[in-house]
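Please read the structure below before turning to the comments.
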Protein chains: 2
Amino acid sequence: MNLTQLRHIDAIVKNAYNLSRAAETLHTTQPGVSTQLRALEDELGVMIFERKGKRIIGLTAAGESIVSMSQEILQKIRAIRAVGEEFSQEKKGTFTIATTHTQARYALPAIITRFVKRYPDVQLRIRQGHPQQISEMVIQGDADIAIATEAIASYQQLLMLPVYRWNRCLIARSGHPVLKPRKPTLDLIAQFPIVTYDFAFAGRSAMNKSFIEAGLKPNIVLTAIDSDVIKHYVELGLGIGVLAHMAYDEKRDKKLRCKDVSHLFDDSVTSIGIRRGSFLRGYMLEFVEMFAPHLSIGQISSLLTKHSPELENELMQKLTDLPLR
Amino acid sequence: MNLTQLRHIDAIVKNAYNLSRAAETLHTTQPGVSTQLRALEDELGVMIFERKGKRIIGLTAAGESIVSMSQEILQKIRAIRAVGEEFSQEKKGTFTIATTHTQARYALPAIITRFVKRYPDVQLRIRQGHPQQISEMVIQGDADIAIATEAIASYQQLLMLPVYRWNRCLIARSGHPVLKPRKPTLDLIAQFPIVTYDFAFAGRSAMNKSFIEAGLKPNIVLTAIDSDVIKHYVELGLGIGVLAHMAYDEKRDKKLRCKDVSHLFDDSVTSIGIRRGSFLRGYMLEFVEMFAPHLSIGQISSLLTKHSPELENELMQKLTDLPLR
DNA sequence: CACCGTTACGGTATCCGTAAGGATT
DNA sequence: AATCCTTACGGATACCGTAACGGTG
């Protein structure tokens, strides 16, 4: 058994059980992949892949376990590499943040500016996606940390660090009747066409919850993953918008008026997600600390290396202490 | 980087930083180890071992992380091998249980008899030690499961499954004055020389606790890790004995009388300890289920593969439901 | 001087790419 | 016919053992 073989089976799975594709992504030839696979199966004494004739069509039960363990091993190999880089060139490296548009556009710029100034030789990459994609990027090792709202929680392989709470505001063109009352009600909002976040986004389900509990059915005419898109369509008069408070900018959005509606919806919590057991470079820990000042670098790294449900629970209990943005 | 290199650095650490010894346990030559080590250090760009001239004397900070990750990787490699064996020869293999004398002698025989009948081709091995040694055997991969009382809890790397509660009884030669009262008191016990478990054993500290709380200082004349040794010395009249209830056998121990003292001491809990993330063979899971019938095989394996503090907590909360032996 | 780790060298086994050959859709 | 996987073969490479060398206590 060797690491090449593990990388091979991982690639086969990730390329939909196609040896030729797997070979390409591995920068090698397809017979090589085939041979190594067979060697591994022979050594272990089990078929890893389900075959139909000569075609490979999926994983066997044994293969499921083997692949998942292999992936953990490859993950740790990456971690070892990271340790090497950390100690040999402290201020150089790459850093991939997987996040949503709203975070990238409104929550992160300030932090990233500070970060880049402090670590000019770190190549920073932001990968966008919806919360599910983001989580999977981190699990697959395609990103170092995830920043998103709530959805990260459903992955046991991710460690969640709550960062801040936020709520929504209502936006509309100035003069729109929904802006009249000092405190808009759900009833009122439900009377107008709404433009808001896509359903894949956590912020959206917190909104739906309030409407459902009130027995109302909002008229959602358009959804987007992107606050800027939402604002644009509201400007065009397509409807009223419901979006994260921080996404409204008084100076930029001069055609729009904003009204707080946090009394209508539950707070949402934005968190950082990190793959359990991974090794974060010093500058990554520092980034996390910049973004979530209530967490110390020591705490974060001990959460990553040690298994301590107590500390994790403590964090999840203290949500109300988080800053509201 | 390859697995050989990881095995090498692991062996170096486990052989007190002596390359020659490491080479022996790896069944290879010392220059080979040296070369591989250097190759790994070069590739990662960091020194893994602290050197004093040419001597290797310890780990660097980077080395600490690297070695601990390597060990996790090697652990998972073993797990993959186990998966292979599990699916190719379901009823064959080895099974190493690390446990204390008392468990091996009094709690396990019944289960092991059943197990051996069901899996005659599994080579069963029992390794004895005190709780700390036992836990480390499992962490190092030298044993598959640990069975001991409480001490396992202090290792975060181990998953703990509570199995049963137990308490102590007082033994003495028939006619001994301590046997007079129906319910002996701590005061009374403290008046006689006591033979009991070694301090390294969890059962012992629960006993000490009661004496300390009562402000008494028991006169402990002899400690042993072995119930049979304790009984023997009590038979010789060296003192009275305090030991696990299950260690007294009315038929065998005819010279001794036994008196329940569970009103004086807290219950102790015996647990199974398993290395987190390891893969247990089907027969191992079945053994655990035999020993702890309140746990299902499904529960156990999902506790091992998934990260779910909730389920773990639930188990730890339900201690009072455990059978008393 | 005994022990320990590094460097040098050469043979071998392993790996990997090319080429060709059956299977499956 | 096109795609896909396996088998066969040969060359390059990396690995490992032997031998010799420099440090350390």
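All chains are named by letter (A, B, ...) in the order of the sequence lines, taking the proteins before the strands, and each is independently numbered beginning at 1. Every heavy atom of this structure was used, including side-chain atoms; hydrogens, water molecules and symmetry mates were not.
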Open item on the list: Can you tell me if Glu90(A) has over 12 outside heavy atoms packed within less than 6.0 Å of its CD?
Closed with: no

So, [X] side chain and [Y] main chain: donor-acceptor pair closer than 3.5 Å or not?
X	Y	value
Gln30(A)	Ala23(A)	no
Gln133(B)	His130(B)	yes
Asp198(B)	Phe201(B)	no
Arg276(A)	His307(A)	no
Arg204(A)	Tyr197(A)	yes
Gln299(B)	Ser296(B)	yes

Open item on the list: Measuring only between side-chain heavy atoms, which start at C-beta, is Ile77(B) closer than 4.5 Å to Leu6(A)?
Closed with: yes

Task: Leu44(B) side, atom CG; Ser88(A) side, atom OG - distance, nearest 0.5 Å - done: 8.5 Å

Open item on the list: With a cut-off of less than 4.0 Å, is there a side-chain N or O of Asn2(A) near OP1 or OP2 of dT14(C)?
Closed with: no

Task: Closest-nucleotide ordering on DNA chain C, the 5'-leading residue of Thr4(A) and Gly53(A) - done: Thr4(A)

Could you tell me the separation between the [atom1] atom of [X] and the [atom2] atom of [N], rounded to a whole number of Å?
X	N	atom1	atom2	value
Ile56(B)	dT6(C)	CD1	P	5 Å
Asn18(A)	dT25(C)	CG	P	14 Å
Glu50(A)	dT24(C)	CD	P	15 Å
Phe49(B)	dC4(C)	CZ	P	16 Å
His8(B)	dG5(C)	NE2	C1'	14 Å
Asn15(B)	dC3(C)	CG	P	17 Å

Open item on the list: Side chains of Lys14(B) and Gln140(B) only: does a donor on one sit below 3.5 Å from an acceptor on the other?
Closed with: yes

TODO: Scan Tyr17(B) against the nucleic acid and name what it touches under 4.0 Å (heavy atoms): base, sugar-phosphate only, or nothing.
DONE: sugar-phosphate

Open item on the list: The criterion is side chain to side chain contact (heavy atoms under 4.5 Å, CB included); which residues satisfy it with Thr25(B), sequence neighbours excluded?
Closed with: Ala11(B), Asn15(B)

Open item on the list: For dC4(C), does the base pair up with any side-chain atom of Arg51(B) as donor and acceptor (N or O, under 3.5 Å, distance only)?
Closed with: no

- [ ] Measure the acute angle between the ring planes of Tyr283(B) and Phe95(B), then classify it against the limits of 30° and 60° as parallel, tilted or perpendicular.
- [x] tilted

Task: Contact list for DNA chain C against residues 61-71 of chain A - heavy-atom distance below 4.0 Å - done: none

Open item on the list: If you take any heavy atom closer than 4.0 Å to DNA chain C, which residues from residues 28-43 of chain A end up in contact?
Closed with: Thr28(A), Thr29(A), Pro31(A), Gln36(A)

Open item on the list: If you assign each of His27(B) and Arg21(A) to its closest nucleotide in DNA chain D, which residue comes earlier from the 5' end?
Closed with: Arg21(A)

- [ ] Mind checking salt bridge (Lys or Arg N to Asp or Glu O under 4.0 Å) for Arg281(A) and listing every partner two or more places apart, or none if nothing turns up?
- [x] Glu85(A), Glu86(A)

- [ ] Determine to 10° how strongly the helix from dC1(C)-dG25(D) to dT25(C)-dA1(D) is bent, judged from the axes of its five-pair ends.
- [x] 30°

Task: Ion pair Arg275(A)/Glu72(A), N-O distance below 4.0 Å - done: no

Task: For chain B, the stretch of DNA chain D it reaches, first to last nucleotide, under 4.0 Å of its heavy atoms - done: dC15(D) to dT24(D)

